[in-house]
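First the structure, in the form of C-alpha cells, and then the observations on it.
Nothing here was measured: the structure is a model prediction, and the numbers come from that model. The residues of the chain are indexed from 1 along the displayed sequence.
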Amino acid sequence: MSSTLSHLECAKCGARHDADIEQHLCACGRPLLARYDLKRASVLLNAAVLVQRPMDLSRFRELLPIRDPKAAITLGERMTPVIRLSGGWYVKDEGSLPTGSFKARGAALGVARARELGAEDVALPSNGNAGTAWSAYAARAGLRAHIAIPAAAAENYAHECAEFGADVQIVDGTISEAGRLVGSWVAARGYYDASTLKEPYRIEGKKTLGFEIAEQFEWRVPDVIVYPTGGGVGLIGMHKAFEELHALRFIPNRMPRFVAVQSSGCAPIVHAFNQRQPVSTSWENAHTIAYGINVPKAIGDFLVLNILRQTGGTAVAIDDADIIAARRRTAINDGVLLCLEGAAAFAAAERLTKSSWICENESVLIVNTASGQTQV
C-alpha cells in the first residue's frame with residue numbers, strides 16, 4: 001500500500017472522521033476532505049520516483065485515497081495536454097480523457113474508493129459529463145450506477161449513461177431538482193451518494209488536474225487559472241493539490257489567482273463574491289447553453305469563495321452569446337474547439353485582460369473541461 005491517507009476532515013468545522021468506513025457529509029452538513037500523512041508522503045514521493053512512473057492518474061498515488069493499488073480502476077487515463085494559444089495563453093485540454101471530460105478524473109477515484117468501501121450502487125445527479133463518466137467507471141468496476149439528469153441537459157448524455165447500463169431518470173427542472181431525487185434514492189434504497197462533494201473522493205480525482213499543471217509548468221504554477229465553475233470541485237481540487245505539493249516541497253509557497261467563471265444566466269458564485277457574502281444564494285430560473293455550469297447552488301460554494309479571496313482571485317459571469325463567439329474565435333484562430341464551459345472561461349480571460357486585471361506578462365491557464373466535439 002502506498003496511499004498515506006490518514007483521515008477525513010470537515011471542511012467547515014474541522015471535525016475528524018474515519019477514512020476507512022463509508023462517510024459522506026459531516027454532522028454539521030458540510031463536505032469532508034481527505035487528509036494525508038504528508039510527513040510520510042514526503043519520504044515516499046520525490047522527483048526521482050516520479051521519473052520512473054507512467055503519466056497516469058496514479059502518478060501521485062501517495063496523495064490519493066486508494067489503499068490497495070490493485071483496487072484502482074482505469075480506462076486508460078493519461079496526462080492531458082497543455083496547448084499554447086496564439087495570444088500566449090495556455091489551455092489545459094481535458095477532452096482527451098476517457099468519456100471526453102475531466103469528470104473521468106473524479107469518477108476513476110470516486111468509483112474505485114466506493115467499491116473499496118463496499119458499495120454496490122452509486123447514485124448522483126448530473127448535467128451530463130459526470131453521469132457519463134460515473135456510468136462508465138461503475139460499469140468497469142462492476143457497480144450499478146443510478147443517474148438523475150435534468151431535462152434541459154443534452155439528450156445524448158442520457159443515452160450514453162444508459163449504454164453503460166446505468167439506471168437513468170430524466171427530471172423536470174435543474175440539477176437541484178435532480179439532486180433531491182438522488183437524495184430520496186439514497187434514503188430509501190441505501191445507494192452510495194456520489195453527488196458533488198457529498199462524498200470525499202471525487203475531489204481527490206479532480207485534484208490530479210493540479211498535480212499535472214504543476215509538473216507541466218516545471219514545478220511552478222501559472223499566475224492565473226481560469227476555471228468554468230458549476231459545483232466548483234475542480235477549482236477546490238487544484239487548490240488542494242497545490243497545498244499538498246507545497247507541503248512536499250515540489251512547488252514554492254505561491255498560489256495562482258483563481259478565476260471562477262459562470263454564465264450570466266446562472267451566476268450564484270459571482271453574485272456572492274461581488275456582494276462579499278460567505279456563501280451563495282440559490283439562483284432562480286437558472287439557464288445557460290453551457291449546461292455544465294448550470295448549478296443554482298453549490299454545496300461547496302463557501303470553499304470556492306474562500307479560495308478566490310485567499311488567492312486574490314475573482315469571479316466573472318459571461319453571456320451565452322459571448323460564450324458562442326469565444327468558442328468560434330479559438331476554433332478559427334488556434335484550431336482548438338473548446339467546450340461551451342471552456343469557451344466561457346476564455347471569454348472571461350479576454351474580459352479580465354481588457355480591464356487590466358490580467359497583465360500582459362502573466363501566465364494564464366484556461367481549463368477546457370471537456371471535448372467541444374460532444375457539443376457540436
For this session: Answer yes if the side chains of Lys92 and Thr80 hold a donor-acceptor pair under 3.5 Å, and no otherwise.
Result: yes
Decide yes or no for [X] and [Y]: does some side-chain heavy atom of the first lie under 4.5 Å from some side-chain heavy atom of the second?
{"X": "Met255", "Y": "His239", "value": "yes"}
{"X": "Tyr36", "Y": "Glu244", "value": "yes"}
{"X": "Val316", "Y": "Val259", "value": "yes"}

For this session: May I ask you to check if Arg351 and Trp357 form a cation-pi contact, with NZ or CZ under 6.0 angstrom from the six-membered ring centre and within 45° of the axis?
Result: no
Exercise. Can you check salt bridge (charged side-chain N to carboxylate O under 4.0 Å, His left out) on Lys103 and Glu94, steps first, answer last?
Worked result: CA-CA 9 Å; Lys103 300 292 186 178; Glu94 295 285 275; over 6 Å; no
Problem set entry | Carboxylate-amine/guanidinium contact Arg329 Glu350, below 4.0 Å |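 Counted as a salt bridge, because a side-chain N and a carboxylate O are separated by less than 4.0 Å.
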[X] side chain to [Y] main-chain N or O, any donor-acceptor pair under 3.5 Å?
{"X": "Asp319", "Y": "Asp322", "value": "no"}
{"X": "Gln275", "Y": "Ala272", "value": "no"}
{"X": "Asn368", "Y": "Ala370", "value": "yes"}
{"X": "Glu77", "Y": "Leu75", "value": "yes"}
{"X": "Gln262", "Y": "Thr229", "value": "yes"}
{"X": "Arg202", "Y": "Ala194", "value": "yes"}
{"X": "Arg254", "Y": "Val221", "value": "yes"}

Exercise. Yes or no on side-chain contact (heavy atoms from CB on, under 4.5 Å) for Asp193 and Glu199, after CA distance, side-chain angles and deciding distance?
Worked result: CA-CA 7 Å; Asp193 192 347; Glu199 56 80 48; over 6 Å; no
Problem set entry | Neighbour count above 12 (heavy atom, 6.0 Å) for His24 NE2 | yes
Exercise. Where is the tightest heavy-atom contact between Leu308 and Phe258, given as atom of each residue plus distance?
Worked result: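 So the minimum-distance heavy-atom pair works out to CD2-O, 3.3 Å.
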